[in-house]
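Notes to accompany the following structure.
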Amino acid sequence: RSLLQHPLRHRLERHRPISAAAAIARQVHQVEGKMRSQLRRDAIPYLSVQPPAVQQHKMTITFADCLPPDVVHPLPFSFLLDRRPNMLTAHSLCWLCQMPLAVACWGICSRCSRALLACPPLCPQCGLPAATSHHPCGRCLQKPPPWHWLVAVNDYRPPLSGLVQQLKFHHRPELGPALARLLLLRLLQCDDLPPVDGMIGVPLWHRRRWRRGYNQCDELCRPLARWRGCVWHREGLTRQRAGAVQHSLNARQRRQNLKNAFQLEFAVEGLHIAIVDDVVTTGSTVAEISRLLLRNGAATVQVWCLCRTL
């Protein structure tokens with residue numbers, strides 16, 4: 001009998017030596033099958049393209065099996081990204097309401113943004129509650145602060161305060177662009193705000209920055225400088241000495257803690273400068289930096305912050 005008709009053919013084939021290429025091909029086929037099954041379970045939803053008039057919370061969601069053929073969707077290895085909670089673009093969900101985003105890099109949807117930007121009229125100079133937001137309040141007329149304009153997103157209260165705390169103390173630098181976009185929306189609402197020539201962030205002591213891994217003000221300045229079309233002087237302001245943590249001190253201790261703590265590293269004569277900070281409480285930090293800028297010849301000083309304690 002031939003080998004194909006032999007009754008023990010299946011036993012002979014079982015012991016037939018397999019080449020290395022065939023073994024590798026079999027393993028690759030098994031891995032591809034596992035990846036396909038994992039992709040079907042963990043595929044990122046596809047947000048169908050709709051006109052801007054459609055609200056984000058009413059957008060149609062389809063999954064990978066229902067993708068239109070003319071749409072390119074980054075599904076390969078998306079299940080690997082989905083295992084990382086810090087990947088904002090992998091989830092494409094709002095940080096607050098966890099609803100799908102029309103644009104992943106926004107971070108916060110339009111409804112939550114409108115809620116965060118809603119606040120009472122604030123003084124354009126000190127940022128405290130006032131009768132109108134177009135003229136300085138009585139406090140600024142009697143004793144004006146060393147800066148000329150202050151722009152804040154809202155008061156230091158939830159949920160904005162929780163996002164700021166995550167950015168500062170919980171190692172979430174990916175929140176920087178989303179919070180910077182909120183500050184940009186607030187700046188666009190200020191029609192009488194003059195443009196600036198340069199931007200600086202409030203620096204950290206180098207050891208504190210090394211322990212944290214980043215400066216939260218740098219995460220705000222980086223996208224803002226690109227959107228506003230101004231120069232960001234990343235190393236333009238340095239801290240000369242270490243001091244106590246500001247949020248553990250009272251107003252008098254804060255002023256003493258920041259006295260002669262900063263040094264300017266570039267020429268500001270005749271320039272309009274914006275100071276970017278995350279939270280302005282008593283204003284001691286931005287006041288010390290503003291006086292330093294004005295002593296060196298800066299034309300005007302603006303303060304941009306996420307939260308202003310009211």
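What you see is a predicted model; the values in this text were computed from it and never measured. We number each residue from 1, following the sequence as shown.
Applying the ring pair (Phe, Tyr, Trp, His ring centres under 6.0 Å) definition to pairs two or more places apart or across chains, those involving residues 258-304 are His233-Phe266. Annotation: salt bridge (charged side-chain N to carboxylate O under 4.0 Å, His left out) contacts involving residues 261-290, sequence neighbours excluded, comprise Lys168-Asp278, Glu288-Arg291. For residues 120-167, there are no ring pair (Phe, Tyr, Trp, His ring centres under 6.0 Å) pairs, not counting sequence neighbours. Pairs of residues two or more places apart, or lying in two chains, never qualify as salt bridge (charged side-chain N to carboxylate O under 4.0 Å, His left out) while including a residue from residues 182-203. Sorted by first and then second residue, the side chain to side chain donor-acceptor pair (under 3.5 Å) pairs with a member in residues 223-232 form an empty list; sequence neighbours excluded.
Arg212 contributes atom CZ, which lies 8.5 Å from atom NE2 of His171 (distance to the nearest 0.5 angstrom). The distance from atom SG of Cys112 to atom CD of Gln98, rounded to the nearest 0.5 Å, is 9.5 Å. One distance of note links CG of Leu150 with CZ of Arg308; it measures 6.0 Å at 0.5 Å rounding.
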Practice task
For Val153 and Leu117, run side-chain contact (heavy atoms from CB on, under 4.5 Å): C-alpha distance rounded to whole Å, both residues' side-chain angles, the deciding distance at 0.1 Å, then the answer.
Solution key: CA-CA 6 Å; Val153 175; Leu117 292 172; 3.9 Å; yes
Exercise for the section: Under the side-chain contact (heavy atoms from CB on, under 4.5 Å) rule, what do Leu122 and Leu310 come out as? Steps first, then yes or no, please. Expected result: CA-CA 9 Å; Leu122 304 177; Leu310 305 181; 4.2 Å; yes
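Side-chain contact check for Gln216 versus Leu179: every heavy-atom pair is 4.5 Å or farther apart. For the pair Cys123/Cys140, a side-chain contact is recorded, criterion being any heavy-atom separation below 4.5 Å from C-beta on. Between Arg111 and Cys97 there is no side-chain heavy-atom pair separated by less than 4.5 Å. At a threshold of 4.5 Å between non-hydrogen side-chain atoms, the residues Gln302 and Pro194 count as touching. At a threshold of 4.5 Å between non-hydrogen side-chain atoms, the residues Leu306 and Leu163 do not count as touching.
With hydrophobic clusters built from ILVMFWY side chains whose heavy atoms lie under 4.5 angstrom apart, Leu183 shares a cluster with Leu96. One hydrophobic cluster holds both Leu184 and Leu175 under the rule that ILVMFWY side chains link at heavy-atom gaps under 4.5 Å. A continuous path of ILVMFWY side-chain contacts below 4.5 Å connects Leu237 to Ile275, so both sit in one hydrophobic cluster. Both Leu185 and Val164 are members of a single hydrophobic cluster when ILVMFWY side chains are connected at heavy-atom separations under 4.5 Å. In the hydrophobic clustering of this structure, Leu187 groups with Leu116; members are Ile, Leu, Val, Met, Phe, Trp, Tyr whose side-chain heavy atoms approach within less than 4.5 Å, directly or through other members.
Under a 4.5 Å side-chain heavy-atom criterion applied to ILVMFWY residues, the cluster that includes Trp210 comprises that residue alone. Other residues sharing the hydrophobic cluster of Val231, ordered by chain and number and joined by side-chain separations under 4.5 Å: none, the residue standing alone.
Scanning all heavy atoms of the two residues, the minimum distance from Ala178 to Ile108 falls at CB-CG1, 4.2 Å. Taking every heavy atom of both residues into account, Leu294 and Pro146 meet most closely at CD1-O, 3.1 Å. Contact record, Cys109 with Cys94: N-SG, 3.4 Å, taken as the closest heavy-atom pair. For the pair Cys126 and Cys137, the tightest heavy-atom approach, listed with the atom from each and the gap, is SG-SG, 3.7 Å. Closest non-hydrogen pair, Pro223 versus Pro177, comes out as CG-CA, 4.3 Å. Heavy-atom minimum distance, Gly176 versus Leu167: N-CD1, 4.0 Å.
Listed by chain and number, the residues in a side chain to side chain contact (heavy atoms under 4.5 Å, CB included) with Ala261 are Arg241 (sequence neighbours excluded). Considering only residues two or more places apart in sequence or on other chains, Pro173 meets the side chain to side chain contact (heavy atoms under 4.5 Å, CB included) condition with Tyr214, Glu219. Listed by chain and residue number, Gln125 satisfy the side chain to side chain contact (heavy atoms under 4.5 Å, CB included) test with Pro144 (two or more places apart in sequence, or in another chain). Arg209 pairs by the salt bridge (charged side-chain N to carboxylate O under 4.0 Å, His left out) definition with Asp218, not counting sequence neighbours. Considering only residues two or more places apart in sequence or on other chains, Asn154 meets the side chain to side chain contact (heavy atoms under 4.5 Å, CB included) condition with Cys119, Arg157, Leu160.
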